[in-house]
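What follows is a single structure, written as structure tokens, with notes after it.
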Amino acid sequence: MALPLVLVLLVCGVWFGLPYAERLLGLAREETSPPEALPPSAVRASAALEDHPASAAFDGFSNRYWAARAAGAVLEADFGAPGVRVTKLVVFAGTSAKKDEFLTQARPARILVEAVSADGDVTTRRITLKDQPGQQTFDLRGSGVTRIRITPETAYGAARGRHLAVAEVEFFGHRG
């Protein structure tokens with residue numbers, strides 16, 4: 001008597017659970033698979049020096065850089081709809097990953113990172129960077145992210161005639 005009841009409950013559970021199975025399996029796959037590079041579909045900055053546009057911070061090369069006259073300029077990366085699931089942010093501060101070139105301009109000390117989702121929600125995080133050349137990696141969580149804004153708030157090595165420089169910005173996570 002109990003066995004048929006258990007079988008009926010099991011069949012009902014499978015029947016009603018099927019629509020959710022793919023989403024649950026996809027979520028498990030994202031949590032266990034390594035993050036992939038998420039190059040933005042478009043980039044821009046609120047300010048940039050003529051030979052150092054926003055695109056230089058997203059070109060995959062750490063020897064070209066975006067530069068602004070001072071902290072406070074905004075660097076934006078668009079990912080389009082339906083957005084991406086971001087897990088990591090990589091920043092190469094300064095003009096280059098090479099120590100002798102790194103110190104030639106000002107470098108971001110603290111950045112404000114705003115991840116904007118498709119429904120308009122904004123997740124904000126302040127990150128303090130080290131004043132050192134090379135890659136700096138940070139956890140950054142956001143789902144359905146369509147745009148990320150990065151605003152350098154303070155700088156190392158700021159002085160008259162020196163510009164704020166960011167050599168490279170990279171995002172990692174999962175599409176869709």
Side-chain angles (χ1 to χ4, degrees), residues 22-49 51-68 71 73-99 101-102 105 107-153 155-156 163-176:
E22 183 178 344
R23 193 170 79 191
L24 292 173
L25 291 174
L27 182 60
R29 184 175 56 249
E30 282 185 11
E31 290 298 324
T32 58
S33 66
E36 62 183 271
L38 299 171
S41 57
V43 298
R44 68 189 152 285
S46 63
L49 297 181
D51 293 335
H52 302 287
S55 59
F58 300 96
D59 64 3
F61 298 101
S62 62
N63 63 344
R64 295 189 287 227
Y65 60 94
W66 165 68
V74 178
L75 188 60
E76 290 188 337
D78 290 337
F79 298 96
V84 295
R85 186 167 167 260
V86 179
T87 58
K88 298 278 182 202
L89 166 68
V90 175
V91 178
F92 289 79
T95 60
S96 172
K98 296 178 183 175
K99 180 85 172 172
E101 296 173 19
F102 169 78
Q105 297 294 335
R107 290 88 48 206
R110 187 179 67 226
I111 58 175
L112 173 66
V113 180
E114 299 170 285
V116 182
S117 67
D119 60 6
D121 286 342
V122 179
T123 303
T124 302
R125 178 157 182 227
R126 280 191 167 75
I127 297 174
T128 300
L129 286 82
K130 295 178 182 171
D131 192 20
Q132 66 185 33
Q135 175 176 318
Q136 298 183 53
T137 304
F138 305 95
D139 287 331
L140 185 67
R141 302 290 178 185
S143 294
V145 174
T146 57
R147 174 177 296 153
I148 295 180
R149 290 188 295 257
I150 299 173
T151 307
E153 296 182 318
Y156 298 112
H163 307 294
L164 180 81
V166 176
E168 192 68 23
V169 176
E170 300 172 353
F171 304 100
F172 290 86
H174 301 280
R175 294 214 174 269

Spacing of [X] atom [atom1] and [Y] atom [atom2] [to the nearest 0.5 Å]:
X: T128; Y: F138; atom1: OG1; atom2: CZ; value: 8.0 Å
X: R64; Y: H52; atom1: CZ; atom2: NE2; value: 11.5 Å
X: Y156; Y: R110; atom1: OH; atom2: CZ; value: 10.0 Å
X: S62; Y: K98; atom1: OG; atom2: NZ; value: 8.0 Å
X: S143; Y: D121; atom1: OG; atom2: CG; value: 11.0 Å
X: E168; Y: Y65; atom1: CD; atom2: OH; value: 14.0 Å

Between T95 and Q105, is there a donor-acceptor pair closer than 3.5 Å when you use the side chain of the first and the backbone of the second?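 It does not hold such a pair.
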Note to self: I'd like to know if the side chain of Q135 reaches the main chain of V90, judged simply by a donor and an acceptor atom lying under 3.5 Å from each other, with no hydrogens or angles considered.
What the structure shows: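 No; judged by distance alone, with no hydrogens or angles, the pair does not exist.
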Next item on the list: Walk me through it: do I111 and R125 pass the test side chain to side chain contact (heavy atoms under 4.5 Å, CB included)?
Entry: CA-CA 8 Å; I111 58 175; R125 178 157 182 227; over 6 Å; no
Minimal non-hydrogen separation, [X] against [Y], with atom names:
X: L164; Y: P108; result: CD1-N, 3.6 Å
X: P53; Y: A48; result: CA-CB, 4.1 Å
X: A47; Y: W66; result: O-NE1, 3.0 Å
X: P133; Y: A97; result: CB-O, 3.2 Å
X: H174; Y: S33; result: CE1-OG, 3.2 Å
X: A71; Y: E153; result: CB-O, 3.7 Å

For D78 and R44, what are the C-alpha separation, side-chain angles and deciding distance, and is it a side chain to side chain contact (heavy atoms under 4.5 Å, CB included)?
CA-CA 9 Å; D78 290 337; R44 68 189 152 285; 2.8 Å; yes
Within the 4.5 Å heavy-atom criterion, are [X] and [Y] side-chain neighbours or not?
X: D139; Y: K88; result: yes
X: R149; Y: V116; result: yes
X: F92; Y: F61; result: no
X: R175; Y: L38; result: yes
X: R107; Y: L129; result: no
X: L75; Y: V43; result: no
X: I150; Y: V166; result: no
X: I148; Y: V169; result: no

Residues in salt bridge (Lys or Arg N to Asp or Glu O under 4.0 Å) with D51, at least two apart?
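With neighbours one apart ignored, the set is empty.
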Requested in this report: Could you please spell out the steps behind the side chain to side chain contact (heavy atoms under 4.5 Å, CB included) verdict for R141 and T87?
Outcome: CA-CA 5 Å; R141 302 290 178 185; T87 58; 3.2 Å; yes
Practice item. Classify the ring geometry between F171 and F79 as parallel (under 30°), tilted (30 to 60°) or perpendicular (over 60°). Key: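 Perpendicular: the ring planes of F171 and F79 meet at over 60°.
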